[in-house]
Amino acid sequence: MSPRTLLPLALLAISLAANAADTPEIKRPTGSPQANGATHTLRQIPEACARLEGTFSGDAAQPYRFNVVRTSEQCQPRSRFVDFDKAQPSAAKGWKLNDVIRVPSAACPSQQAVVSVWRLPVDRKPELDGQGQSRIYLEDAKKQAAAGKTAQVPMFAAKAEVQGKACM
């Protein structure tokens with residue numbers, strides 16, 4: 001192939017890779033409009049024992065409030081929810097855009113809250129014993145923890161922003 005042919009192919013490959021990073025793993029329709037002051041659940045993430053909640057405030061300075069709430073004190077998380085600004089998730093760092101949740105404002109139809117949920121998967125293959133079972137032995141786990149060799153867990157991070165024109 002000539003260099004003239006390779007350049008468009010390379011640009012196409014870069015474009016496709018960038019678009020794949022922008023496509024969420026979960027596809028969902030736009031949510032139903034929410035009234036000012038009404039707290040609504042955006043999504044639950046059971047493996048992180050977390051629920052994402054939002055509230056339109058009607059305040060021009062901060063039109064949408066977004067919180068991550070623990071679902072239950074008894075819940076044992078199998079993944080962690082981390083601060084978006086500290087984690088700075090991106091496809092280049094191994095994060096995957098997991099979900100994009102859009103919720104319009106009932107009081108201001110030109111505005112919508114957009115919540116982006118990112119997931120950092122962990123490739124864990126448990127070691128199986130002779131009986132084909134994955135077992136954790138307390139003494140071995142204590143030694144690993146003391147040595148700082150705890151198993152990595154998947155992580156989630158989310159960010160909310162408001163798009164559209166503010167209503168006066």
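Positions are given from 1 along the sequence. Quick note: numbers below take in every heavy atom, side chains included, and nothing from hydrogens, waters or symmetry partners.
For K93, the NZ atom sits in a packed shell: over 12 heavy atoms of surrounding residues, nucleotides or ligands are nearer than 6.0 Å.
For R102 against V114, the heavy-atom pair with the smallest separation is NH1-CG2, 3.5 Å. Closest heavy-atom contact between C75 and R70: O-NH2, 2.7 Å. Here the closest heavy-atom approach between residue K86 and residue D83 is recorded as N-OD2, 3.1 Å. When all heavy atoms of S32 and Q34 are compared, the closest pair comes out as O-NE2, 3.2 Å. Of all the heavy atoms in A87 and V82, the pair that sits closest is CB-CG2, 3.8 Å. Across V122 and P154, no two heavy atoms sit closer than the pair CG2-N, 3.6 Å.
Relative orientation of the Y64 and H40 rings is tilted, given thresholds of 30° and 60° on the angle between their planes.
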_Go through it in stages, so that I can follow the logic: the residues are M155 and W95, the test is side-chain contact (heavy atoms from CB on, under 4.5 Å), and I'd like the CA-CA distance, side-chain angles, deciding distance and then a yes or no._
CA-CA 9 Å; M155 291 190 279; W95 289 79; 3.9 Å; yes
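Summarising the geometry, atom CZ belonging to R65 is positioned 4.5 Å from atom OG belonging to S57; distances are rounded to the nearest 0.5 Å. Distance OG/S116 to CD/E161: 6.0 Å, rounded to 0.5 Å. Atom CD of residue E53 and atom CZ of residue F66 lie 9.5 Å apart, to the nearest 0.5 angstrom. To the nearest 0.5 Å, atom CD of residue E139 and atom CD of residue Q144 are 12.0 Å apart.
The closest side-chain heavy-atom distance from Q111 to P63 is below 4.5 Å. Counting only heavy atoms from C-beta outward, the side chains of W118 and L97 approach each other to under 4.5 Å. Looking at heavy atoms from C-beta onward, C167 lies in side-chain contact with S110 at the 4.5 angstrom threshold. Contact check for P104 versus T30: side-chain heavy atoms found under the 4.5 Å cut-off.
With D99 as reference, R43 is the one residue of R43, K27, R119, K159 to meet the salt bridge (charged side-chain N to carboxylate O under 4.0 Å, His left out) rule. The only member of V100, L42, I26, I45 that meets side chain to side chain contact (heavy atoms under 4.5 Å, CB included) when paired with V117 is I45.
Hydrophobic clustering of Ile, Leu, Val, Met, Phe, Trp and Tyr side chains at less than 4.5 Å, counting indirect connections, keeps L52 apart from F84. Put simply, L120 and V115 are part of two different groups of oily side chains (I, L, V, M, F, W, Y) that touch within less than 4.5 Å, one to the next. Under a hydrophobic-cluster definition in which Ile, Leu, Val, Met, Phe, Trp and Tyr are linked whenever side-chain heavy atoms come within less than 4.5 Å, directly or via other members, I101 and F56 are assigned to the same cluster. Under a hydrophobic-cluster definition in which Ile, Leu, Val, Met, Phe, Trp and Tyr are linked whenever side-chain heavy atoms come within less than 4.5 Å, directly or via other members, V68 and V162 are assigned to the same cluster.
Between the side chain of N67 and the backbone N or O of V69, no donor-acceptor pair lies under 3.5 Å.
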